[in-house]
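Remarks on the structure that follows.
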Number of protein chains: 2
Amino acid sequence: MSDDAATGSEESLATRLREQGLRLTPQRQLILRAVEELRHATPDEVLAHVRGQVSSVNASTVYRTLEVLEELGLVRHAHLSDRAPTYHSTLEHEHVHVVCRRCDSVRSYDTELVGPLVAALAEDGFTVDVGHLAIFGECASCVARPQEP
Amino acid sequence: MSDDAATGSEESLATRLREQGLRLTPQRQLILRAVEELRHATPDEVLAHVRGQVSSVNASTVYRTLEVLEELGLVRHAHLSDRAPTYHSTLEHEHVHVVCRRCDSVRSYDTELVGPLVAALAEDGFTVDVGHLAIFGECASCVARPQEP
DNA sequence: TTTGGTGCAAATAATTTGCAGTCTC
DNA sequence: GAGACTGCAAATTATTTGCACCAAA
């Protein structure tokens, strides 16, 4: 294994699984690593990536594993499209997703971007889940470009 | 018809449909009114509501109609759960949705809540679609309450 | 009369579940 | 060896589509 991130998270994976009396399997390692490598991936994309390495892995395993990894706190998901959820590693700093609906590009911003928002809602006792936040709109280059057909 | 909102929007509905060479049908009126009355409703909920009045309305009609209404600018949708989109009327002021993931309650906030955020992204040329924004977290009463089982 | 719209049923797509065999601990 | 995990296939759920008939303009 030559990937730093993967190496770091694989220790956590083993540890946290053990804590819960769960088992470390090749599938779980591969799926966690796929999420880390892909940065923002839907279950489908994770499946495709993992199958590139081990073709026998099943879709249901991906769904079940992402759920487990999320419970263990190793991955998180946000909704970056009208469709599937996208998963990302919690090794990355918590960040806010800003999505252009025209070109589907996703940019990550530091959480300070929503500092005022979080503070304002905190006054009402509301705790914002910043990592789950997705902000939609149109990016600079798409705004500059004429409307699509 | 005794509902003010419905009355107001029904004129727009007729007008905008005509502008596009589309037709005014009972289903379209009922579905638009359902969205207005329900405030935040998934296609399923809209269907159930409409069927309470006219049992023969079909699910595919609801999907197709919500799409048309959104194109006409009469309704909008946001993603307020990990599942279905929820539709709301554009007669209401544009607002930001704040959703508690523990009790699923939804509160609407004035768009000024995200003013700083919108301004910050505008500096990067990004135009935020405020009406589509959903902010997740935990509301005051759920935070106060002990964890669920 | 001329399309656009609707209901219906079948097709997709995405995700979940039951189960029997397999593998981790 | 016990029980968790996986693959597979079938079941769900949500949404879309093709088509014949109906109806708004």
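Here is the naming used below: chain letters follow the sequence lines, and residue numbers restart at 1 for every chain.
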Please check if any side-chain donor atom of [X] sits under 3.5 Å from a side-chain acceptor atom of [Y], or the reverse.
X	Y	value
A/H132	B/R101	yes
A/T42	A/D44	no
A/D110	A/H93	no
A/E36	A/S9	yes

Could you give the [atom1]-to-[atom2] distance, from [X] to [N], as a whole number of Å?
X	N	atom1	atom2	value
A/L66	C/dA14	CG	P	15 Å
B/H79	D/dT15	NE2	P	10 Å
B/R83	D/dT12	CZ	P	15 Å
A/L47	C/dA14	CG	C1'	12 Å
B/L72	C/dG5	CG	P	10 Å
A/E45	C/dT15	CD	P	11 Å
B/E19	C/dG4	CD	C1'	17 Å
A/E71	D/dC5	CD	P	11 Å

Please determine, for the side chain of [X], which listed nucleotide ([options]) has the closest atom?
X	options	result
A/R64	D/dA2, D/dG7, C/dT3	D/dG7
B/S60	C/dG7, C/dG4, D/dT6	C/dG7
A/Y63	C/dT15, D/dT15, C/dG7	C/dT15
B/L24	C/dT24, D/dA25, C/dT15	D/dA25
B/N58	C/dC8, D/dA4, C/dT15	C/dC8
A/R28	C/dT15, D/dT6, D/dT15	D/dT6
A/L22	D/dA4, D/dT17, D/dG7	D/dA4

Name the residue closer to the 5' end of DNA chain C, choosing between B/R51 and B/L17 according to the nucleotide with the nearest heavy atom.
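It is B/L17 whose nearest nucleotide is closer to the 5' end.
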Centroid-to-centroid, A/H40 to A/H95, below 6.0 Å?
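Under 6.0 Å, so yes.
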Across the strands shown, which category fits B/S56 at heavy-atom distances under 4.0 angstrom: base, sugar-phosphate, nothing?
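B/S56: backbone/sugar contact only, no base atoms under 4.0 Å.
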Below 4.0 Å: OP1/OP2 of [N] and any side-chain N or O of [X]:
X	N	answer
B/Q20	C/dG4	no
A/T61	D/dG7	yes
A/Q27	D/dG7	yes

Atom CD of A/Q53: over 12 foreign heavy atoms under 6.0 Å
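Yes - once you tally the heavy atoms of other residues, nucleotides and ligands closer than 6.0 Å, there are more than 12.
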Terminal axis angle for the helix from C/dT1-D/dA25 to C/dC25-D/dG1, five pairs an end, nearest 10 degrees:
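Answer for the end axes of this duplex: 40°.
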Contact check, side chains of A/L113 and A/V98, non-hydrogen atoms, under 4.5 Å
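Result yes, sub-4.5 Å side-chain heavy-atom pair found.
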Candidate list B/T86, B/T90, B/D129, test side-chain hydrogen bond (donor to acceptor under 3.5 Å, both in side chains), partner B/R76, passing option:
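Single pass found, and it is B/D129.
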